[in-house]
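Only this structure's heavy atoms are used, side chains among them; waters, hydrogens and symmetry mates stay out.
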Amino acid sequence: MDITIRNLENTDELTEVRNLETMIWTMDDPVPVNHMMAAIKSGGLVLGAFLNEKLIGFQYSFPGFDGKKSFLHSHNLGIHSDYRKLGIGMKLKYAQKEAALKKGYDVIKWTYDPLETVNGNLNLHKLGAVCNTYIENAYGEMADQLNKGLPSDRFLVEWEITKEKTKPAAANYTPILTVNRKDNYLVPEEINYNENLEWLSLCVPANFQELKKENLELALLWREKTRKAFTYFFSKNYLAVDLIREQTDETVCHYILKRS
């Protein structure tokens with residue numbers, strides 16, 4: 001499948017992006033075309049992924065400043081539902097990296113829901129971004145299909161694009177969240193607040209959207225437990241550096257935390 005990616009800068013193409021965003025998230029308030037145009041003229045960018053000139057994915061970024069240095073903030077990335085799991089997200093992120101380097105950036109930041117393990121796998125495991133910032137209910141109540149019914153908690157990740165990704169050294173990861181199974185559901189139980197170890201792991205369900213559809217109460221419990229665990233260990237100078245899948249159970253993933 002021949003996917004091409006290019007910068008988008010005219011209103012017709014950006015209107016296509018707005019329409020695709022609306023379809024993907026079933027939302028009523030996509031990013032306005034004039035807002036994207038303004039961001040592009042001010043150091044941001046919009047990328048489109050095309051199959052035979054059909055827009056099937058996009059990525060939108062705008063410039064940011066944290067009080068010390070400038071960075072590129074990656075606001076959203078979306079893939080048409082008919083073309084997911086084809087590596088298009090990875091292609092868009094690497095195209096974003098190259099475009100950002102040309103503009104003079106060395107860091108890209110963005111947010112994602114830490115319980116969305118497909119995103120965690122791309123962001124931490126494949127790209128090498130890291131996180132030590134947990135934002136509770138970052139965007140308030142969201143009514144779109146993916147976020148409805150849950151607080152919009154987010155990781156704020158940083159991707160240092162001038163450095164090569166390095167895999168965490170082999171280590172014995174100490175679990176910080178005990179889990180059990182009930183009626184075939186993965187259920188979080190107790191948090192181990194031991195902060196004297198260099199490497200930790202935190203178990204999360206690999207299929208959170210399915211879990212949310214079937215058992216919203218349990219999904220809310222996962223939000224509560226992981227919020228407490230991540231918030232605590234980030235405050236103790238731990239850094240989320242990877243997400244790995246359980247080899248013997250495809251319904252389970254593990255975040256890897258390292259004391260910095």
Side-chain angles (χ1 to χ4, degrees), residues 85 89 110-138 146-147 149-159 165-260:
K85 299 184 179 180
W110 65 93
T111 63
Y112 81 94
D113 185 338
L115 290 174
E116 296 290 352
T117 55
V118 171
N119 295 341
N121 180 58
L122 171 62
N123 298 335
L124 274 61
H125 186 71
K126 293 182 177 180
L127 297 178
V130 297
C131 176
N132 63 0
T133 303
Y134 190 98
I135 308 173
E136 295 186 20
N137 204 25
L146 293 177
N147 295 288
L150 288 175
S152 56
D153 290 19
R154 295 291 186 268
F155 270 8
L156 175 62
V157 301
E158 296 190 15
W159 186 21
K165 170 178 165 46
T166 56
K167 286 185 176 291
N172 293 318
Y173 309 123
T174 301
I176 56 176
L177 179 64
T178 58
V179 297
N180 207 336
R181 286 196 181 273
K182 183 177 180 182
D183 299 329
N184 205 35
Y185 291 126
L186 193 67
V187 180
E189 295 186 339
E190 297 299 320
I191 300 171
N192 174 10
Y193 290 103
N194 184 347
E195 61 193 71
N196 297 316
L197 300 167
E198 183 178 9
W199 292 95
L200 305 173
S201 69
L202 195 155
C203 176
V204 294
N207 52 348
F208 188 65
Q209 282 298 323
E210 293 178 21
L211 171 64
K212 193 179 82 167
K213 291 176 183 177
E214 297 172 4
N215 191 328
L216 182 59
E217 182 179 355
L218 180 56
L220 285 165
L221 180 61
W222 271 105
R223 175 68 85 216
E224 174 192 343
K225 288 287 188 178
T226 54
R227 173 193 286 179
K228 288 181 179 178
F230 283 125
T231 300
Y232 178 81
F233 284 99
F234 286 166
S235 74
K236 301 299 180 180
N237 296 319
Y238 282 86
L239 188 70
V241 297
D242 203 357
L243 182 136
I244 58 176
R245 297 189 179 277
E246 176 64 62
Q247 294 182 346
T248 59
D249 186 347
E250 63 182 12
T251 68
V252 178
C253 289
H254 301 273
Y255 274 98
I256 304 304
L257 279 69
K258 185 180 188 299
R259 189 171 55 200
S260 60

With the side chain counted from C-beta on, respond yes when I256 and W199 share a heavy-atom pair under 4.5 Å apart, and no when they do not.
yes
If you take the centroid of each ring, where Trp contributes its six-membered ring, are Y134 and F233 closer together than 6.0 Å?
no
Within a reach of under 6.0 Å around CG of N184, are more than 12 heavy atoms found that belong to other residues, nucleotides or ligands?
no
Polar side-chain atom of D183 near backbone of Y185 as donor-acceptor pair, under 3.5 Å
no
Let me confirm one number: the CG-NZ distance from D242 to K258, rounded to the nearest 0.5 Å.
13.0 Å
Side chains of W222 and N215, heavy atoms from C-beta outward: is any pair under 4.5 Å?
no
Minimal non-hydrogen separation, A219 against K212, with atom names
CB-CA, 3.9 Å
Nearest atoms (heavy-atom pairs only) where P114 meets F230:
CB-CE1, 4.3 Å
Do L220 and E217 have side chains that get closer than 4.5 Å, going by heavy atoms?
no
Heavy atoms of T251 and D249 approach each other most closely as OG1-OD1, 2.7 Å
Measure the shortest side-chain to side-chain distance between K225 and V204 over non-hydrogen atoms and say whether it is less than 4.5 angstrom.
no
Side-chain touch E250/R245, heavy atoms, less than 4.5 angstrom
no
Is it the case that the side chain of T174 and the backbone of L200 share a donor-acceptor pair, with hydrogens and angles ignored and the cut-off at 3.5 Å?
no
Could you tell me which non-hydrogen atom of L177 sits nearest to which non-hydrogen atom of C203, and how far apart they are?
CD2-O, 3.7 Å
What is the distance from atom OH of Y255 to atom CD1 of I244, rounded to the nearest 0.5 Å?
12.0 Å
Quick one: pull up CD1 in I176 and CG in L257 and give me the separation to the nearest 0.5 Å.
5.5 Å
Once rounded to the nearest 0.5 Å, what's the spacing between atom CG of N119 and atom CH2 of W110?
10.5 Å
Rounded distance [0.5 Å steps], OG1 in T231 versus NZ in K228:
10.5 Å
Of all heavy-atom pairs between L221 and P188, which one has the smallest distance, and what is that distance?
CG-CG, 3.8 Å
Could you walk me through whether L216 and L150 pass side chain to side chain contact (heavy atoms under 4.5 Å, CB included), step by step?
CA-CA 8 Å; L216 182 59; L150 288 175; 4.2 Å; yes
Looking only at heavy atoms, what is the nearest atom pair of V157 and C131, with distance?
CG1-CB, 3.8 Å
Is any side-chain heavy atom of L211 less than 4.5 Å from a side-chain heavy atom of L218?
yes
D153 side chain to N137 main-chain N or O, any donor-acceptor pair under 3.5 Å?
yes
Rounding to 0.5 Å, atoms CZ (R154) and CD (E116) come to a distance of 8.0 Å
Looking only at side-chain N and O atoms, does E195 offer a donor or acceptor that is under 3.5 Å from a partner on Y238?
no
Is it true that, when you exclude E189 itself, more than 12 heavy atoms of the residues, nucleotides or ligands shown sit nearer than 6.0 Å to its CD?
yes
For residues N121 and K126, determine if any side-chain heavy atom of one lies less than 4.5 Å from a side-chain heavy atom of the other.
yes
Within-4.5 Å side-chain heavy-atom neighbours: R181 and L186:
yes
